Amino acid sequence: MSKELPKNYSAAEHEERIYRQWEESGFFNPDNLPGKRPENFSIVLPPPNATGILHLGHASMLAYQDVMARYQRLRGKKVLWLPGTDHAAIATQNVVEKKISKEENKTKEDLGREEFLRRVREFVAGSQDTIRTQVRRMGASLDWSRERYTLDEALSRTVNTVFKKMYDDELIYRGYRIVNWCPRCHSTLADDEVEYKEQKTPFYYFKYGPVIIGTARPETKFADKIIIVHPDDARYKDMIGKSFTVPWIEGEVEAVVIADASADPELGTGAMTITPAHSFVDYELAQKYDLEIVKIIDEDGNLTEVAGRFAGQNAQQARAAIVEAMSAQGLIDRIDEEYVHNLSVCYRCGTAIEPLPSRQWFVDVNKEIPGRGKSLKRLSLEAVETGLNDKKIDIMPAKFEKVYFHWMNNLHDWCISRQIWWGHRIPVWYKDKGDGEPEIFVGLKPPTGEGWRQDEDTLDTWFSSALWTFSTLLDQDHTKYDTWEEWLANSPDLKDFHPTSVMETGYDIIFFWVARMILMTTYVLAEIPFEKVYLHGLVRDKQGRKMSKSLGNGIDPIAMIDKYGADALRLSMMVGATPGNDIRLYDEKIEGYRNFVNKLWNISRYIFGRVNEIKVIDKAPPPNSIADQWILEKLNEVIEKVTGYLDSDKLDFSNAIVELYHFTWGDFADKYIERSKKEEGKDEILLFILQQLLKLWHPLTPYVTEALWGNISDKKLMIQAWPDEIKLQKTKFNGREFQDIIDMTSEINSLKAKAGIAQTKIVKATYKTEFIAEYLKILAEEARLEYVDDKQEHWTPVDVGHVLMFVDIDKQQIDQHLNREKKELQEYIKNQEKKLANKEFVANAPAAVVAKERHKLEEYQQKLNNLN
RNA sequence: GGGCAUAUAGCUCAGUUGGUUAGAGCGUUCGGUUUACAUCCGAAAGGUCCUUGGUUCGAGUCCAAGUAUGCCCACCA
């Protein structure tokens, strides 16, 4: 029975229903997939922050991952794609702090720790709901039954377990060191959480005893008493090792001159003083020479008592007064007002970072891991370089391997404690012992006994994210297990799905996240977290600008889904995208793919309306015309190509789409279906090709294909089998002949357009090759011409492929066109003859190439003859 | 300062290991269309493949230098 579909595909009418059916089917959960599935395929979703709403970055990531998941599912693998969200410590705390400040004019201290955390939890629950709904709208085939959250009990236990393990292995230590401090967030930041912003600030040159020193930050200079000069600098050679009494901001100081190669003789006066407490470079020098580290700015950004009369003032704001005071003392040599330098700022709130010494928890990346013979750094490098247990991480595109190695090689110890409330509380307890250092307890639960207090700080959010590939796969019913080993051994998902198959994420978080997952996982499990890293680019606007609130050029993916449908949005984000390169997105592009989705709908609409019975056709029906043969051959080509593009070692989504698009619209709809209207008995082959197409498109455009498939079968398209290459029997029908007809038709259409003829009635042909009568008849039908036996002198020759024919378009009418064509042909022939006359070409080029060139020359000559 | 990309039609992009007359989509122009789809069909115009030099019988493709744009890292006391 045939079926009548609506004229246009309306995504809004289908998507919600289809997604619900998928969820109800249970097939997002690998445990429910039908059939034997010996191979596993897994991806863990990079957890969106629990702060907010879906943006295009999420949308494109979901599109890529869903294509992989659906493709592998169709290929018969047991596919797990695991969703989740991240508590995003600083980001979330900032959002909620702002909200409370705006709505209630209160600080988090006003509320207190417990109440504030309750508010954050409430906020997170709300945004998690938003995210869940929005992720579904993209069509993402995620296993929601395994949804995780970084603050889930089992995941938190994993965090604490790993912390303790690292502490016991002495890979985590507490130390007093210089750290990046954000005075606004009132917390430390990791090195890569610091961003740089170019800024013009005055640069001051001060008279410091025998030398002139330069600085952009006079407010840090109170305690400077070490002068560094280059050992080979002739100007200062005699001063090395000597002391000077120097008049300085708060009275005289004793300055010592030290020689070190880090002083650049070319720069300024070649002499500098150092501020160990507030500069990373100076801190390292101070370590090297065992110098005193004097803290001048405190955690609130205020000057300490070292600053004398300026103590207690905000460091930044006190700068002017300090400079004025120094000016009054005649200490200023000159001021450069045009100085431009990079100011380090907090990546979350944009506040200027204050490097200062502080007691914090660190991960030691250079220390040898007990029993492993290498450091965390070494382990992380090897995972990508040579592999671990014969499994190597493959990074796509490969250029990011170099970036990874460079970053990892230069990695410093990782500061993991944060002075914020939202996050995993550091599992460390202290008990004062009267004098000196307190007793320390590290464990999963508070120690028994009196007087223990837990560390106030929380862990860097990336500490828990770094465990994501395996903390999510552990048995969540963790209370059953007393030990870590027992827990690991009884987590079947971990066995089945780890290492995960692909980590698909943006190149912008390769350091934050990808590198840290490698570091932590190789340490904790002694295996890699994923076999492949696919790094997608950023989504930008049509001008290539980053989408941002201030520019107002942001595109809301949900609005685009409402307008054009999820399938169209997915396609428009993937076409033209190659790993590691940014992609431009704009309305017209999405609209174009909306049109395509509608085309696919109408192809089906036509076929469903025309066939006698809609049914599943598994096997290719035998061809009974040259068009049939042609389309089956084309289908085979496209199956082979698309399979190759979607396979894990290629992951070329863009080319897969372009290939399918041309086959679907150009070959199938415009050529084959049009032809099939004039032939009999096409039901089965039309249905067959359509069904193969729906399967091929399904990973890319899941909604429309599933909606259409619903007219064919009760079974879900998402669990069908991926098309195999069709075994084509040799028949009397030559597909090449249909291709010739297409080329001829195109040529005749072109002539008609040039001659300004709307309709032409006749064709007469002579043939270059043996030619069946049917062939001509088809051509006449295709080009809307009438076939006659005799040609007349003034008719125009048309020469394509194996066919030469004469059309009753008067040569005079298209004289210009013909002359131009002749001229071009003569030109080609000349070039071709020249090429073939070149002995070196004939001698050096491969024989096949030379033969091809010869053949080409003959063709040109033949064509020219025919025109004359 | 160090490094990595990218540069092809008006726009967005393809272009395999060097070897047809460099392609697609959108846009533009012309023509068609009671037909599954005006979210359609047919056709055309449009290119100094950033510049210069090199390798080669042959370069959009390989090499060098330059220009432009973008990004990453380091950070200037």
Side-chain angles (χ1 to χ4, degrees), chain A residues 4-5 7-9 192 196 203 213-217 221 224 228 262-264 267-275 279-282 285 339-342 344 397 399-400 402-403 406-407 410 507-508 510-511 537-538 540 542-544 564 568 575-578 580-586 588-589 591-610 654-655 658 661-662 665-666 669-670 673-674 677 745-746 749-754 756-759 824-825 827-828 831-832 835 838-846 848-850 852-853 855-856 859-860:
Chain A
E4 179 80 21
L5 258 47
K7 242 172 130 89
N8 292 314
Y9 172 62
D192 46 346
Y196 295 89
F203 192 80
I213 58 161
T215 184
R217 303 204 57 197
K221 290 289 170 196
D224 283 18
I228 306 279
S262 65
D264 181 358
L267 198 64
T269 57
M272 62 178 179
T273 59
I274 58 168
T275 311
S279 152
F280 282 86
V281 181
D282 294 359
L285 275 174
Y339 180 72
V340 175
H341 79 304
N342 283 328
S344 51
K399 68 177 179 189
F400 280 101
K402 271 188 275 180
V403 178
H406 179 258
W407 186 83
N410 293 295
Y507 63 76
D508 51 333
I510 180 166
F511 305 132
L538 272 39
R540 294 169 176 277
K542 193 166 186 178
Q543 281 85 46
Y564 301 111
V575 172
T578 45
N581 291 315
D582 294 350
I583 173 113
R584 301 180 185 206
L585 188 70
Y586 40 94
E588 304 95 284
K589 190 172 177 185
E591 195 183 333
Y593 288 102
R594 188 269 320 266
N595 293 355
F596 172 77
V597 169
N598 190 58
K599 184 74 186 180
L600 191 57
W601 178 264
N602 268 289
I603 287 169
S604 313
R605 176 176 190 247
Y606 169 74
I607 293 173
F608 292 156
R610 147 181 178 150
S654 180
N655 271 318
V658 170
Y661 182 101
H662 284 132
W665 202 322
D670 292 345
I673 292 185
E674 287 311 313
K677 289 175 181 172
T745 313
S746 172
N749 281 338
S750 172
L751 284 178
K752 285 197 313 199
K754 280 183 181 118
I757 301 167
Q759 228 139 5
E824 278 174 2
L825 273 173
E827 186 77 8
Y828 299 156
N831 286 341
Q832 211 57 18
K835 201 173 201 176
N838 184 338
K839 281 186 192 125
E840 288 182 274
F841 167 66
V842 178
N844 295 324
V849 172
V850 178
K852 216 155 107 187
E853 298 293 337
H855 181 71
K856 219 156 60 183
E859 257 182 22
Y860 295 159

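Just so you know, these numbers come straight off a predicted model, no measurement behind them. In the text below, chain A, chain B and the rest are named by the order of the sequence lines, each starting its count at 1. These numbers come from the heavy atoms of this one structure, side chains and all, not from hydrogens, waters or symmetry mates.
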Restricting to salt bridge (charged side-chain N to carboxylate O under 4.0 Å, His left out), what partner residues turn up for A:Lys835, sequence neighbours left out?
A:Glu853
Could you please name the partner base of B:A9, counting Watson-Crick and G-U wobble pairs only when both distances are under 3.5 Å?
none
Presence of A:Tyr196 side-chain N/O under 4.0 Å of B:C75 phosphate oxygens OP1/OP2
yes
A:His406 atom NE2, neighbour heavy-atom count above 12 within 6.0 Å:
no
Pairwise P distance, B:C49 and B:C37 [rounded to whole Å]:
44 Å
Please name the nucleotide paired to B:U34 by Watson-Crick or G-U wobble geometry with both distances under 3.5 Å, or report none.
none
Please name the nucleotide paired to B:C50 by Watson-Crick or G-U wobble geometry with both distances under 3.5 Å, or report none.
B:G66
Rounded C1' spacing from B:U8 to B:C50 in Å:
10 Å
Which one is paired to B:G1, where only Watson-Crick or G-U wobble pairs with both distances under 3.5 angstrom count?
B:C73
Spacing of the C1' atoms in B:U16 and B:A74 (rounded, Å)
38 Å
Can you tell me if A:Lys852 touches the phosphate of B:G19, counting only side-chain N or O atoms and a distance under 4.0 Å to OP1 or OP2?
no
Please state how far atom NZ in A:Lys835 lies from atom C1' in B:G19, giving the value in whole angstrom units.
6 Å
Look through every strand shown and name the nucleotide pairing with B:U55 as Watson-Crick or G-U wobble, where both distances are under 3.5 Å.
none
Which of parallel (below 30°), tilted (30 to 60°) and perpendicular (above 60°) describes A:Trp665 and A:Tyr661?
tilted
Side-chain N,O (A:Lys7) to OP1/OP2 (B:U39) below 4.0 Å
no
Between the side-chain atoms of A:Glu4 and the base atoms of B:A36, is any donor-acceptor pair under 3.5 Å?
no
Quick one, give me the B/S/- string for nucleotides 9-14 of chain B, reading 5' to 3', where B means a protein heavy atom under 4.0 Å from the base and S means that only happens at the primed atoms, P, OP1 or OP2.
--SSSS
Does B:A44 have a Watson-Crick or wobble mate here (both distances under 3.5 Å), and if so which one?
B:U28
Please tabulate, one pair per line, each protein N/O and nucleotide N/O from nucleotides 40-48 of chain B that are separated by under 3.5 Å, including the distance.
unit_1: B:C40; atom_1: O3'; unit_2: A:Lys599; atom_2: NZ; d: 3.4
unit_1: B:C41; atom_1: OP1; unit_2: A:Lys599; atom_2: NZ; d: 3.3
unit_1: B:C41; atom_1: OP1; unit_2: A:Trp665; atom_2: NE1; d: 2.2
unit_1: B:C41; atom_1: OP1; unit_2: A:Asp670; atom_2: OD1; d: 3.3
unit_1: B:A43; atom_1: OP1; unit_2: A:Ser746; atom_2: OG; d: 3.0
unit_1: B:A44; atom_1: OP1; unit_2: A:Ser750; atom_2: OG; d: 3.4
unit_1: B:A45; atom_1: OP1; unit_2: A:Arg820; atom_2: NH2; d: 3.3

Using only side-chain N and O atoms of A:Tyr860, determine if any of them is under 4.0 Å from OP1 or OP2 of B:U21.
yes
Please measure how far the P atom in B:G60 lies from the corresponding atom in B:A9, and state the result in whole Å.
15 Å
